[in-house]
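To start, the structure itself, in structure tokens.
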Number of protein chains: 2
Amino acid sequence: MTKKLTLKDIAKSLGVSTTTVSNAFNRPDQLSAKLRDHIVSSANELGYYGPSAAGRVLRTGRSNTIGIINHAEFSYALKDPLAVSFLQGVASVCDRENMSMMLLPGIGRSDKEFPAFDAMVDTFIIQSCFITDDLVKRVLAQGSRAIMVDGKIDGLARVTISDKASAHNAAKHLLDQGHEQFAILSFQLNATERDNLFSLEKLNQSRHYVAIQRLEGYLSAFKAAEIPQQQILIKECAENTGDAAYQVSLEILTKKKRPTAILCMSDRLAIGLMKAANKLGIQVPDDLSVIGFDDIEAATTCTPPLTTIEQLGYEKGQLAAELAISDEQPESIELPAKLVIRQSTKPPKK
Amino acid sequence: MTKKLTLKDIAKSLGVSTTTVSNAFNRPDQLSAKLRDHIVSSANELGYYGPSAAGRVLRTGRSNTIGIINHAEFSYALKDPLAVSFLQGVASVCDRENMSMMLLPGIGRSDKEFPAFDAMVDTFIIQSCFITDDLVKRVLAQGSRAIMVDGKIDGLARVTISDKASAHNAAKHLLDQGHEQFAILSFQLNATERDNLFSLEKLNQSRHYVAIQRLEGYLSAFKAAEIPQQQILIKECAENTGDAAYQVSLEILTKKKRPTAILCMSDRLAIGLMKAANKLGIQVPDDLSVIGFDDIEAATTCTPPLTTIEQLGYEKGQLAAELAISDEQPESIELPAKLVIRQSTKPPKK
DNA sequence: CCAGTGTCCAAAAGCGTTTTAGGGATCGTT
DNA sequence: AACGATCCCTAAAACGCTTTTGGACACTGG
């Protein structure tokens, strides 16, 4: 393997200055077409196909890359259909703009792990409920910008959905149908404690923006209906997976006073719940109403099709990417999310 | 916003050399623990959290990044379940090794488009049926390594599956059941011509490794059974999507001499085909046997569940990533793929 | 013929880091 | 008391590029 060629090598070998070679590749208007063609084609023949990125990034500070920081490891994040559509949305903008996207190792749940945030990235899209202000400070310290998705960090522009209002609507829908016994299947509120007992204290300490918003939305509807909060059974699922929900659901559904309606913070949780109900011989929606969140594809194909809240993952990704590449000071945006009524909800039996 | 801090700033401000600061972050054994702690904590206080990647990459030539080149745009590639599991596999290794993965803009189908291959990437994983030797030369010219997935390029280590043998088995399965009238739903053999007429000529000119292998596998089984190739109806689908297959299938299934069995190069094509059959009132498997390829999740949930060839997308991704980060000269690997018989195949009616 | 106006190209200064080669102390050994 | 070994640290070069500054040259118009 021969030594790697550089701009300077080409310049010397052609008897022109490095400036001129650089211009030939980057600023065609700076030299005559004839010379430019000559340089580019000679360079190709020699085995040089353009300036190396490393040098350019160091010099210009721009890398044409969007970095994506997720709260989970990526091998896990890619299992979440919503996360995948989000990435698709980001990718669509990157494709259009000819930018690259860089997936950074997940942050994990421990504050101690600091991954390599020193990546060469123009803008980070942060989608992590576990990110701390301190971490963000590091990101910004290296000169990158950052957009926050589904979360809230002081000073960062945000892309969110109307979590709270939609959650409120979901609960209201069940109340309107006449339900009185409720349970909520929640995400893990706290990164470290992994029990599934809910407490107001935990809610206050939680940094999981989405979970907080949705919970507050649900609870505000119950409050308006004058249902005391102690009467609502709230359980956390360790992960956003059907399996995690399945386990927790068995517990909920075998209680002596079983709820007649359950609100789930995601469709994946709802589907795990329905699997548990099915296992126990509990009919959805006849014996139990279920509402999901997200409206992933599986929500339409499961039986019964899931009443849920539709959120636009793809558009969220697009929007985040647009903010990321925009030159202007980006502004925060809240996307709408709406209740989609299918067959998993029904008034309770008398 | 203040000026970005550098190693040198920290060194000056602490009264030590830049070497020492660099060592404090990268080679703890090169200085006393006391000094190291002092340097790191002072640096953090000043707002410096570690050496910038841009400088390091330029200096060391290593970026701890795996680049992924796909044949399609990423917004499209992410819609393919198999591609997603592949990415998951790659991601699992990256997570473990704390590396980043970089998704590069797709190559597209035209030879003229040369995307930004000058990315700062240690190793490229190339998964593109449209990549040319010339393109690879460029990649290697910038000093990166490359692993080829599902394809063949001289000089590159490869990760493939047993496309040909499994395709042969699939066709053999139908022959054993007594079928005599066949069709094949193929990928587009050629990047530019977009008609769906097959010809041997096109097969010979094709660079679409996977399509060629599978086609040869199917045809070898027919040859062994002494079925003349002209008798096999071969149609290409412009994209690997259900919609593309749906259109082409309508055409095939309304022919006067309709095949009793159809081999599809992917499950997505097979599912589109079954949708068309359903639309035309043709029963699968009673009136028509269908075999897919890949064994994506939808193959188990569709009706009827699809007889198909299982391939290990996740493992393929893992393996490719392992080769990518390995220090040794990587060797090519072929993963097994096996026929999974479900309910979409059946002997033909007499 | 001369100033004015373009056009094209060269020299040089960094961008932030790592690493090589080596310089002083300090220590233990003879 | 001298000497080598050991430990901590530093100076300086190199990595490949872009961009600013300005010079050389060939044109124009007066």
Side-chain angles (χ1 to χ4, degrees), chain A residues 2-40 43 46-64 116-122 141-144, chain B residues 2-40 43 46-64 116-122 141-144:
Chain A
T2 61
K3 200 185 147 296
K4 215 169 121 184
L5 289 171
T6 76
L7 211 52
K8 208 190 277 180
D9 297 328
I10 304 303
K12 186 178 297 179
S13 138
L14 264 64
V16 298
S17 77
T18 61
T19 308
T20 304
V21 181
S22 172
N23 283 337
F25 283 100
N26 300 320
R27 313 199 328 197
D29 55 312
Q30 295 295 301
L31 69 176
S32 65
K34 201 178 111 194
L35 182 60
R36 185 189 122 85
D37 284 352
H38 171 64
I39 291 180
V40 170
L46 291 169
Y48 183 87
Y49 300 100
S52 115
R56 172 165 29 91
V57 169
L58 182 57
R59 175 65 227 231
T60 64
R62 303 219 71 223
S63 60
N64 277 333
F117 275 164
D118 56 352
M120 280 147 307
V121 153
D122 297 331
Q142 51 159 344
S144 301
Chain B
T2 61
K3 196 185 148 299
K4 212 168 121 186
L5 290 171
T6 76
L7 212 50
K8 212 190 275 180
D9 297 328
I10 304 303
K12 186 178 295 178
S13 140
L14 263 63
V16 296
S17 76
T18 61
T19 309
T20 303
V21 180
S22 172
N23 284 337
F25 283 100
N26 299 319
R27 315 200 328 197
D29 55 312
Q30 296 294 302
L31 70 175
S32 64
K34 203 179 112 194
L35 181 61
R36 186 189 121 84
D37 284 353
H38 171 64
I39 292 179
V40 171
L46 292 169
Y48 182 86
Y49 300 100
S52 113
R56 172 161 29 91
V57 170
L58 180 57
R59 175 62 228 231
T60 64
R62 305 220 67 225
S63 60
N64 277 332
F117 275 164
D118 56 351
M120 282 145 305
V121 154
D122 297 330
Q142 49 157 347
S144 301

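On a predicted model such as this, the values are computed, not experimentally measured, just so you know.
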Spell out, as yes or no, whether a donor-acceptor pair under 3.5 Å connects the side chain of B:Lys4 to the backbone of A:Gln142.
-> yes

Residue pair A:Met120, B:Val57: steps toward the side-chain contact (heavy atoms from CB on, under 4.5 Å) verdict = CA-CA 9 Å; A:Met120 280 147 307; B:Val57 170; 3.7 Å; yes

Between protein and nucleic acid, restricted to nucleotides 21-23 of chain D and to nitrogen or oxygen atoms under 3.5 Å apart, what atom pairs and distances do you find?
none

Using whole Å, report how far CD of A:Gln142 lies from P of C:dC15.
-> 18 Å

Does any donor atom in the side chain of B:Ser17 or B:Thr20 lie under 3.5 Å from an acceptor atom in the other side chain?
-> yes

In whole angstrom, give the distance that lies between atom CZ of B:Phe25 and atom C1' of C:dT18.
-> 14 Å

Is the backbone N or O of B:Ala24 less than 3.5 Å from a side-chain atom of B:Arg36, with the two atoms forming a donor-acceptor pair by type?
-> yes

Start with the C-alpha distance between B:Thr19 and B:Ser22, add both sets of side-chain angles, then the distance that settles side-chain contact (heavy atoms from CB on, under 4.5 Å), and finish with yes or no.
-> CA-CA 5 Å; B:Thr19 309; B:Ser22 172; 5.7 Å; no

Please state how far atom CG in B:Leu31 lies from atom C1' in C:dT19, giving the value in whole angstrom units.
-> 15 Å

Nucleotide C:dG16, atom P - distance to CD1 of B:Ile10 in whole Å = 12 Å

Which atom pairs link the protein and nucleotides 15-18 of chain D when you take only N or O atoms and keep those under 3.5 Å?
unit_1: D:dG16; atom_1: N2; unit_2: A:Gly55; atom_2: O; d: 3.3
unit_1: D:dC17; atom_1: OP1; unit_2: A:Tyr48; atom_2: OH; d: 2.5
unit_1: D:dC17; atom_1: OP1; unit_2: A:Ser52; atom_2: N; d: 2.8
unit_1: D:dC17; atom_1: OP2; unit_2: A:Leu7; atom_2: N; d: 2.4
unit_1: D:dT18; atom_1: OP1; unit_2: A:Asn26; atom_2: ND2; d: 2.6
unit_1: D:dT18; atom_1: OP2; unit_2: A:Ser22; atom_2: OG; d: 2.8
unit_1: D:dT18; atom_1: OP2; unit_2: A:Asn26; atom_2: ND2; d: 3.3
unit_1: D:dT18; atom_1: O2; unit_2: A:Arg59; atom_2: NH1; d: 2.3

Roughly how many Å is it from NZ in B:Lys12 to P in D:dA11, rounded to a whole number?
-> 12 Å

Donor-acceptor contact below 3.5 Å, side chain A:Asp122 vs main chain A:Ser63 | yes

N/O donor-acceptor pair under 3.5 Å between B:Asn23 side chain and B:Gln30 backbone = no

Would you tell me if any nitrogen or oxygen in the side chain of B:Thr20 comes within less than 4.0 Å of OP1 or OP2 on D:dT10?
-> yes

Which part of the nucleic acid does B:Val16 contact within heavy-atom distance under 4.0 Å: base, sugar-phosphate only, or nothing?
-> sugar-phosphate

Could you tell me whether a side-chain N or O of B:Thr18 sits under 3.5 Å from a main-chain N or O of B:Ala11, the two making a donor and an acceptor?
-> no

